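Remember, predicted model here, so these are calculated numbers, not experimental data.
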Amino acid sequence: MHPILFRIGPLTIHTYGLLMAVGFLIGLGLAVRQARKESIPADKIIDLGFYILLTAIIGSRLGFILINASHYIKNPLDIFKIWEGGLVFYGGVLLAVPTAIWYVKKNGLGIWRTADVFAPSIAIGHALGRLGCFFAGCCYGKTAETLPWAVTFTNPESLAQIGIPLHPTQLYESAGEFINFLILIALRKNKSFNGQLFMTYLLLYSVLRFIVESFRGDVSRGFITPQLSVSQGISILMFLIAVAGLIVLRHRNSRA
């Protein structure tokens, strides 16, 4: 597609990075808007958003580096080339969640209430981020020569395989996250307990990611077994955590 949006002299604007930034800003804006409705200090939400962004990028990159350690040992400078893709979403979650919990507790915001404020924002931000993946060509799909909606990447700077019809897995996940966003917005109007939106997001995303992974063609994401990727394994764990979380939080609310 179009990994490079434009160049001005030495300045290069990558489509991937731009869409990630747009997704973050839209998600943060929605979170701030909802926080004000719930009388949560907007400045605390903005600060939390930037903590989450920073730790999510670091965690996502570390996750990818660990999975592909052999490459980065030989090419250490490639560690810093995040504009070329190479961010594992679950790695970001594993680092961003404890950071968010620390910040929320420190400022007395209420963990589950704040998590619900951010849940739709995570979905819409991720949806736009996956569009960035599509333009960069990372996270590409398996060969799909007979598929009517298969995508063939031709740009030599693309990270995807060139000249071969592929499953547009980036678009699959982006569309799924847009749907998740709409579901969460609808559910928010009838929320019955704090934590419901966040746990629902984890549930929805774990199912989406597990399915999309079966169409992925890039082997760099790592595998537990030849048939089960690392992300699918984490998806199963996340699904179980989300189900348990919904049950526990609902029960806790009914007893309150």
Are Ile179 and Ile211 connected in a single hydrophobic cluster, I mean Ile/Leu/Val/Met/Phe/Trp/Tyr linked by side-chain heavy atoms less than 4.5 Å apart? no
Considering non-hydrogen atoms only, spot the tightest contact between Arg36 and Ala42 and give its length. NE-CB, 3.6 Å
hydrophobic_cluster_shared for Ile241 and Phe210, side chain cutoff 4.5 Å: no
Would you say the side chain of Phe198 lies within less than 4.5 Å of the side chain of Ile122, judging by non-hydrogen atoms? yes
Under 3.5 Å, is there a donor-acceptor pair between the side chain of Thr99 and the main chain of Leu95? yes
Would you check if Leu249 and Asn253 make a side-chain contact, meaning some heavy-atom pair closer than 4.5 Å? no
Grab the two heavy atoms, one from Ser174 and one from Ala127, that are nearest each other, plus how far apart they are. OG-O, 2.8 Å
According to the side chain to side chain donor-acceptor pair (under 3.5 Å) rule, which pairs have a member within residues 139-157, sequence neighbours left out? Arg7-Glu157, Trp149-Tyr172
Show the numbers, then the answer: is there a side-chain hydrogen bond (donor to acceptor under 3.5 Å, both in side chains) between Gln196 and Ser192? CA-CA 7 Å; Gln196 184 178 9; Ser192 56; 3.3 Å; yes
Here the gap from Thr169 atom OG1 to Arg130 atom CZ, rounded to the nearest 0.5 Å, amounts to 8.0 Å
Pairwise side-chain contact, Leu131 with Leu171, heavy-atom cut-off 4.5 Å (strictly under): yes
Thr55 to Ala96 - nearest heavy-atom pair and separation: OG1-CA, 3.4 Å
Minimal non-hydrogen separation, Leu202 against Ala242, with atom names: CB-CB, 3.9 Å
Specify whether Tyr103 and Tyr51 have parallel, tilted or perpendicular ring planes, treating 30° as the upper limit for parallel and 60° as the lower limit for perpendicular. tilted
Minimal non-hydrogen separation, Leu30 against Ser121, with atom names: CB-OG, 3.8 Å
If we only count heavy atoms from C-beta on, is the Phe223 to Leu228 side-chain gap below 4.5 Å? no
Within the structure provided, determine whether Arg252 and Val248 are in side-chain contact (heavy-atom separation under 4.5 Å). yes
Measure the CG-CD1 distance between Leu62 and Ile57 for me, rounded to the nearest 0.5 Å. 12.0 Å
Show the nearest heavy-atom pair for residues Ala150 and Pro165, with the distance to one decimal. CB-CB, 3.8 Å
Contact check, side chains of Ile111 and Ile101, non-hydrogen atoms, under 4.5 Å: yes
Given the rule in the side-chain contact (heavy atoms from CB on, under 4.5 Å) test, do Asp218 and Leu159 qualify, once you have shown the distances and angles that lead to the verdict? CA-CA 10 Å; Asp218 54 321; Leu159 299 174; over 6 Å; no
If you measure from the Lys or Arg side-chain nitrogens to the Asp or Glu carboxylate oxygens, is any gap between Lys191 and Asp116 under 4.0 Å? yes
CZ of Arg216 to CD of Glu173: how many Å apart, nearest 0.5 Å? 7.0 Å
Do NZ/NE/NH1/NH2 and the carboxylate oxygens of Arg113 and Glu38 come within less than 4.0 Å? yes
For the CG atom of Leu48 and the CG atom of Leu109, what is their distance to the nearest 0.5 Å? 7.5 Å
Establish whether Trp102 and Ile46 are linked, either directly or via other cluster members, by ILVMFWY side-chain heavy-atom contacts under 4.5 Å. yes
Step by step, would you call Ile4 with Thr15 a side-chain contact (heavy atoms from CB on, under 4.5 Å)? CA-CA 6 Å; Ile4 307 297; Thr15 311; 5.9 Å; no
Show your reasoning for whether side-chain contact (heavy atoms from CB on, under 4.5 Å) applies to Ile183 and Leu204. CA-CA 9 Å; Ile183 291 172; Leu204 293 173; 4.0 Å; yes
Check the pair Arg188, Gln34 against side-chain contact (heavy atoms from CB on, under 4.5 Å), reporting the backbone distance first and the verdict last. CA-CA 10 Å; Arg188 186 164 63 190; Gln34 183 62 26; 3.3 Å; yes
Distance-only donor-acceptor check, side chains Arg209 and Ser235, under 3.5 Å: no
Spacing of CD1 belonging to Ile185 relative to CG belonging to Asn180, to within rounding of 0.5 Å: 11.5 Å
To the nearest 0.5 Å, what is the distance between CD on Glu213 and CG on Leu208? 10.0 Å
Same apolar cluster (I L V M F W Y, side chains within < 4.5 Å links), Val243/Leu187: yes
Quick one: do Phe50 and Phe24 satisfy ring pair (Phe, Tyr, Trp, His ring centres under 6.0 Å)? Show the steps, please. CA-CA 9 Å; Phe50 280 97; Phe24 169 74; 5.2 Å; yes
Minimum side-chain heavy-atom gap Cys133-Tyr16 below 4.5 Å: yes
With ring pair (Phe, Tyr, Trp, His ring centres under 6.0 Å) as the test, would you mind laying out the steps for His14 and Phe135 before giving the verdict? CA-CA 9 Å; His14 295 263; Phe135 283 103; over 10 Å; no
Report yes or no: does Gln232 contribute a side-chain atom to a donor-acceptor pair with the main-chain N or O of Ser229 at less than 3.5 Å? yes
Same hydrophobic cluster for Val207 and Leu197, using side-chain heavy-atom links shorter than 4.5 Å among ILVMFWY? yes
Taking the side chain as everything from C-beta on, heavy atoms only, tell me whether His126 gets closer than 4.5 Å to Phe181. no
